[in-house]
Amino acid sequence: MSMLVSLIAVFGLVAVSYMMELVGLHTVLGIIIPYTAVLVFLGGFTYRIIDWARSPVPFKIPTTCGQQESLSWIKHNKLESPSTTGQVMARMFLEVFFFRSLFRNTKTDATEGPRLLYTSDKFLWLGGIVFHWTFLVIVLRHFRLFVEPVPGFVHLLESVDGFIQLTLPTFYMTDMVIVLVVTYLFIRRVVIPQVKYISLAADFFPLLLILAIALTGILMRYILKVNIVGVKELVHGLFALSPVIPDNLGSTAYIFYIHLFLVSSLLVYFPFSKLMHMGGVFMSPTRNLPNDSRKHRHINPWNDPNIKPHSYEAYEDDFRKVMKSVGLPLEKDVDGEEEGEK
Ligand code: HEM
């Protein structure tokens with residue numbers, strides 16, 4: 001059901017933008033909606049990050065799966081249990097660029113017996129990482145349309161991505177890969193019963209929307225060609241804050257407006273959705289805290305300032321004589337000497 005709702009929503013967006021183009025609402029499609037979308041995206045993204053940054057972190061809760069820093073002769077696992085900011089950043093880098101924790105993903109199957117079987121599942125990691133890198137390369141390649149002169153890294157990406165030189169215009173491998181990988185990510189949510197059970201419209205919709213953006217882009221580049229000179233005129237006008245609607249986009253301009261409308265929809269949807277994991281990963285206490293609670297006391301910002309802490313030292317000071325009289329071990333003896341010094 002949620003899959004169907006998402007599918008209808010994406011088709012709805014395509015239909016709405018197509019009809020708006022048909023009735024000639026080019027200023028709305030080419031100027032007003034993209035500007036609004038960028039504003040909502042920037043405002044929403046910033047709001048969410050500030051909101052997270054202001055949330056108290058009551059406990060030190062980094063996720064660890066290795067030996068924490070301890071005595072000098074116990075080997076410290078700096079990546080699995082980082083204890084300094086540098087080590088936290090190294091772990092974060094590997095997480096963000098290589099999805100290191102997802103690499104350990106396992107799947108659970110009930111087999112005959114009945115027996116639960118846990119096995120390694122690298123496909124989600126592979127699908128996830130290929131999708132994100134491909135998306136990034138495609139967005140970076142778009143800088144060809146946004147900036148003049150075209151930056152050197154865009155030429156480099158274009159020649160690597162298009163090295164097969166199969167078609168005219170040059171076929172980009174990322175175009176094929178993004179369609180395949182988004183289709184895989186979508187199908188696994190439909191086919192694997194456990195994943196299907198937990199999948200909501202919020203999971204299907206972004207996948208379908210991104211697929212629709214990629215497909216309209218591909219259609220525009222290889223089949224329904226639009227005039228790129230006109231596209232650049234529009235985009236540069238938007239960037240320069242003096243927008244114009246060019247009249248030389250060609251007879252297939254509608255596909256460009258649909259593509260732009262879908263991208264704008266993605267931008268508006270982004271700050272209110274799970275896609276915020278892009279910024280959220282940096283704000284996650286399980287990832288951004290060092291595991292150094294033996295070295296530094298973590299103060300809970302929710303502590304009531306009117307309730308003074310009562311340390312063990314002070315507790316022993318209060319009850320030393322009584323504790324001694326019933327034979328409890330003391331850190332300092334009644335005469336003030338440390339127990340170990342005797
Ligand atoms: C989320 C952001 C975007 C994604 C994922 C995306 C995706 C794609 C894809 C997959 C293609 C196929 C060709 C290629 O890979 O270069 C494409 C083409 C295209 N996109 Fe986008 N796009 C995005 C944003 C935009 C924006 C903001 C604009 C313009 C304002 C735009 C304009 C175009 C144009 C004009 C083409 C055809 C390029 C050509 O003929 O070489 N796209 N897009």
Side-chain angles (χ1 to χ4, degrees), residues 10 13-14 17 21 26-42 45 130-148 150 153-164 166-183 185 205-240 243-246 248-250 252-271 273 275 278:
V10 173
L13 290 174
V14 173
S17 49
E21 203 280 331
H26 295 150
T27 311
V28 178
L29 281 171
I31 299 173
I32 298 175
I33 289 178
Y35 272 149
T36 314
V38 169
L39 286 179
V40 172
F41 174 76
L42 293 178
F45 199 100
V130 169
F131 164 68
H132 283 81
W133 277 104
T134 319
F135 194 99
L136 180 68
V137 168
I138 291 174
V139 171
L140 289 179
R141 273 201 290 93
H142 274 63
F143 276 68
R144 171 173 73 95
L145 307 169
F146 306 156
V147 234
E148 197 62 53
V150 177
F153 77 88
V154 176
H155 291 304
L156 182 72
L157 282 178
E158 281 178 344
S159 53
V160 175
D161 199 353
F163 95 107
I164 296 182
L166 206 61
T167 54
L168 207 77
T170 311
F171 168 74
Y172 291 132
M173 283 178 293
T174 45
D175 287 352
M176 182 184 69
V177 174
I178 199 165
V179 172
L180 291 179
V181 81
V182 175
T183 309
L185 292 172
F205 178 70
L207 280 175
L208 291 173
L209 183 58
I210 289 168
L211 188 62
I213 293 175
L215 289 176
T216 48
I218 289 168
L219 256 181
M220 175 166 39
R221 178 173 169 83
Y222 302 103
I223 301 167
L224 302 171
K225 298 174 183 166
V226 284
N227 182 6
I228 291 297
V229 178
V231 172
K232 281 191 163 189
E233 227 175 278
L234 191 148
V235 176
H236 291 178
L238 288 173
F239 273 94
V244 277
I245 291 293
N248 57 346
L249 279 171
T252 52
Y254 65 88
I255 192 73
F256 169 72
Y257 284 117
I258 296 176
H259 188 66
L260 191 57
F261 185 78
L262 294 178
V263 173
S264 303
S265 310
L266 186 69
L267 287 178
V268 169
Y269 177 70
F270 202 102
S273 71
L275 303 178
M278 177 177 154

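Just follow the structure's listing: the first ligand is 1, and inside any ligand the first atom is 1.
- Remark: minimum distance from atom 24 (C) of ligand 1 to any protein heavy atom is reached at V263 CG2, 3.5 Å.
- Of the possible polar contacts, one joining the T252 side chain to the K225 backbone as a donor-acceptor pair under 3.5 Å is found.
- Residues E158 and V150 form no side-chain contact, since every pair of their non-hydrogen atoms from C-beta on lies 4.5 Å or further apart.
- At least one heavy atom of I218 sits less than 4.0 Å from an atom of ligand 1.
- Contact annotation: for L234 versus ligand 1, there are no heavy atoms closer than 4.0 Å.
- Here the protein heavy atom with the shortest distance to atom 4 (C) of ligand 1 is I213 CG2, 3.5 Å.
- For the pair Y222 and ligand 1, the shortest N or O to N or O distance does not fall below 3.5 Å.
- Atom 39 (C) of ligand 1 has as its closest protein heavy atom R144 NH2, 3.6 Å.
- To the nearest 0.5 angstrom, H259 atom NE2 is 10.5 Å from L215 atom CG.
- Remark: the backbone N or O of P243 is not paired with any side-chain donor or acceptor of H236 at under 3.5 angstrom.
- In this structure, L140 and V154 have side chains that are not in contact, with every pair of non-hydrogen atoms separated by 4.5 Å or more.
- Summary of contacts: the protein heavy atom closest to atom 36 (C) of ligand 1 is M220 CE, 3.4 Å.
- At least one N/O-N/O distance between R221 and ligand 1 falls below 3.5 Å.
- Within the listing of ligand 1, atoms 1 (C), 5 (C) sit less than 4.0 angstrom from a heavy atom of F135.
- Side-chain contact between I228 and M220 is absent, with no heavy-atom pair separated by less than 4.5 Å.
- Aromatic rings of Y254 and Y257 (six-membered ring for Trp) have centroids beyond the 6.0 Å cut-off, not under it.
- Annotation: side chain of Y222 is in contact with side chain of D175 (closest heavy-atom distance under 4.5 Å).
- Counting only heavy atoms of the protein, atom 15 (O) of ligand 1 lies nearest to D175 OD1, 2.5 Å.
- Closest to atom 14 (C) of ligand 1, if we only count protein heavy atoms, is R141 NH1, 3.3 Å.
- Near V231, the atoms of ligand 1 lying under 4.0 angstrom from a non-hydrogen atom of the residue are 35 (C).
- Here L260 has side-chain heavy atoms under 4.0 Å from ligand 1, and that is the only part of it that gets that close.
- Taking 4.5 Å as the limit, every side-chain heavy atom of L157 sits out of range of all side-chain heavy atoms of F143.
- The closest donor-acceptor contact from the side chain of D161 to the backbone of Y172 lies at 3.5 Å or more, if one exists at all.
- Using a 4.0 Å cut-off to heavy atoms of V235, the atoms of ligand 1 that qualify are 30 (C).
- In summary, the atoms of ligand 1 found under 4.0 Å from a heavy atom of L145, numbered by their order in the structure, are 32 (C), 33 (C), 34 (C), 35 (C).
- By the 4.5 Å heavy-atom criterion applied to side chains, M176 and F171 are counted as neighbours.
- Residue V226 does not touch ligand 1, judged by heavy-atom distances below 4.0 Å.
- Of all the heavy atoms of H142, the ones lying under 4.0 Å from any atom of ligand 1 belong exclusively to the side chain.
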